[in-house]
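As structure tokens, the structure follows; a few thoughts come after it.
This one's a predicted model, so the numbers in the text were calculated from it and none came from an experiment. Scope of the values below: all heavy atoms of this structure, side chains included, with no hydrogens, waters or symmetry mates.
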Amino acid sequence: QVQLVESGGGLVQAGGSLRLSCAASGLPFSSYAMGWFRQAPGKEREFVAAISWSSSNTHYAYSVKGRFTISGDNAKNTVYLRMNSLKPEDTAVYYCAAGNYGKEEPMYDYWGQGTQVTVSS
């Protein structure tokens with residue numbers, strides 16, 4: 001059974017930082033690309049970042065480029081999202097996903113339950 005479990009969300013002031021973690025189990029971690037998506041209240045879920053283990057490529061949404069960093073640890077089957085210079089508009093539920101490398105939701109086969117990130121002004 002595949003499980004993706006996110007952690008590390010919370011409340012932070014604008015300008016602060018958080019690191020989200022996503023622990024994967026039940027799948028050959030290094031064979032999957034991993035992505036982070038987010039959904040703000042009243043909005044559709046949107047792509048944030050993705051990483052491809054096979055090619056070591058990363059891709060970011062324009063809105064987070066330069067502030068967020070996606071990385072992973074194959075030995076721990078865990079992917080991280082380091083978020084710096086957080087803004088109130090980054091407030092959302094953040095989801096990790098496993099699947100094919102890309103920014104479209106249908107490319108991902110497995111999803112976590114999400115972790116809330118709230119950025120106060």
Side-chain angles (χ1 to χ4, degrees):
Q1 181 180 359
V2 176
Q3 278 194 315
L4 302 177
V5 180
E6 302 97 335
S7 61
L11 174 64
V12 64
Q13 287 189 330
S17 299
L18 282 175
R19 190 183 76 161
L20 305 183
S21 300
C22 173
S25 61
L27 78 170
F29 187 73
S30 61
S31 298
Y32 282 79
M34 300 296 293
W36 285 97
F37 291 76
R38 67 185 181 185
Q39 187 167 22
K43 295 186 177 181
E44 293 187 352
R45 189 156 57 184
E46 64 177 3
F47 169 77
V48 175
I51 186 166
S52 166
W53 307 123
S54 61
S55 59
S56 299
N57 283 340
T58 57
H59 183 61
Y60 297 92
Y62 179 80
S63 60
V64 307
K65 199 168 186 178
R67 299 188 298 122
F68 291 11
T69 302
I70 188 170
S71 63
D73 186 334
N74 279 342
K76 296 182 178 180
N77 282 8
T78 300
V79 64
Y80 305 99
L81 185 68
R82 176 69 179 181
M83 306 184 295
N84 295 329
S85 302
L86 282 162
K87 305 174 182 180
E89 51 263 43
D90 294 317
T91 294
V93 177
Y94 283 71
Y95 300 88
C96 75
N100 295 301
Y101 182 65
K103 63 179 183 179
E104 303 296 333
E105 290 189 36
M107 302 181 77
Y108 292 86
D109 302 312
Y110 303 103
W111 293 82
Q113 294 299 306
T115 185
Q116 176 71 47
V117 172
T118 303
V119 184
S120 63
S121 56

Indicate the atoms forming the closest heavy-atom contact of Pro88 with Ala14, along with that distance. CD-CB, 4.1 Å
Keeping the roles fixed (side chain from Thr58, backbone from Ile51), state whether a donor-acceptor pair exists under 3.5 Å. no
Are Val2 and Phe29 linked, directly or through other ILVMFWY residues, by side chains that come within less than 4.5 angstrom of each other? yes
Close side-chain approach of Val79 and Leu81, heavy atoms under 4.5 Å: no
Do any N or O atoms from the side chain of Tyr101 and from the backbone of Gly35 form a donor-acceptor pair under 3.5 angstrom? no
Taking side-chain contact (heavy atoms from CB on, under 4.5 Å) as the test, write out the residues that go with Thr115, two or more places apart. Glu6, Leu20, Tyr94
Residues two or more places apart in sequence or in another chain: which of them pass side-chain hydrogen bond (donor to acceptor under 3.5 Å, both in side chains) with Gln116? Thr118
For residues 101-111, which residue pairs pass the salt bridge (Lys or Arg N to Asp or Glu O under 4.0 Å) check, not counting sequence neighbours? Arg45-Glu105
To the nearest 0.5 angstrom, please state how far the CZ atom of Phe68 sits from the CH2 atom of Trp36. 11.0 Å
Does Asn84 have any side-chain contact (heavy atoms from CB on, under 4.5 Å) partners at least two apart in sequence or in another chain, and if so, which? Ser17, Arg82
Using a 4.5 Å cut-off between side-chain heavy atoms of Ile, Leu, Val, Met, Phe, Trp and Tyr, which other residues end up in the same hydrophobic cluster as Phe37? Phe47, Val93, Tyr95, Met107, Tyr108, Trp111
Which atom of Tyr32 lies closest to which atom of Ala98, heavy atoms considered: CD2-C, 3.9 Å
Mind checking whether Leu86 and Leu11 sit in one hydrophobic cluster, side chains of I, L, V, M, F, W, Y counted as touching below 4.5 Å? no
Those residues that, when tested against Gln13, pass side-chain contact (heavy atoms from CB on, under 4.5 Å) (two or more places apart): Ser120
Listed once per pair and sorted, the salt bridge (Lys or Arg N to Asp or Glu O under 4.0 Å) pairs that draw on residues 25-35, sequence neighbours left out: none
By side-chain contact (heavy atoms from CB on, under 4.5 Å) - contacts of Glu46 (at least two apart): Arg38
Name all residues meeting the side-chain hydrogen bond (donor to acceptor under 3.5 Å, both in side chains) criterion together with Gln39; count only those two or more places apart in sequence or in a different chain, and write none if there are none. none
Under the side-chain hydrogen bond (donor to acceptor under 3.5 Å, both in side chains) test, which residues partner Ser7, sequence neighbours left out? none
List the residues meeting side-chain hydrogen bond (donor to acceptor under 3.5 Å, both in side chains) with Arg67, not counting sequence neighbours, and say none if there are none. Asp90
Taking the side chain as every heavy atom from C-beta outward, state whether Tyr80 and Asp73 have any pair of such atoms under 4.5 Å apart. yes
Does any non-hydrogen side-chain atom of Met34 lie less than 4.5 Å from one of Leu4? yes
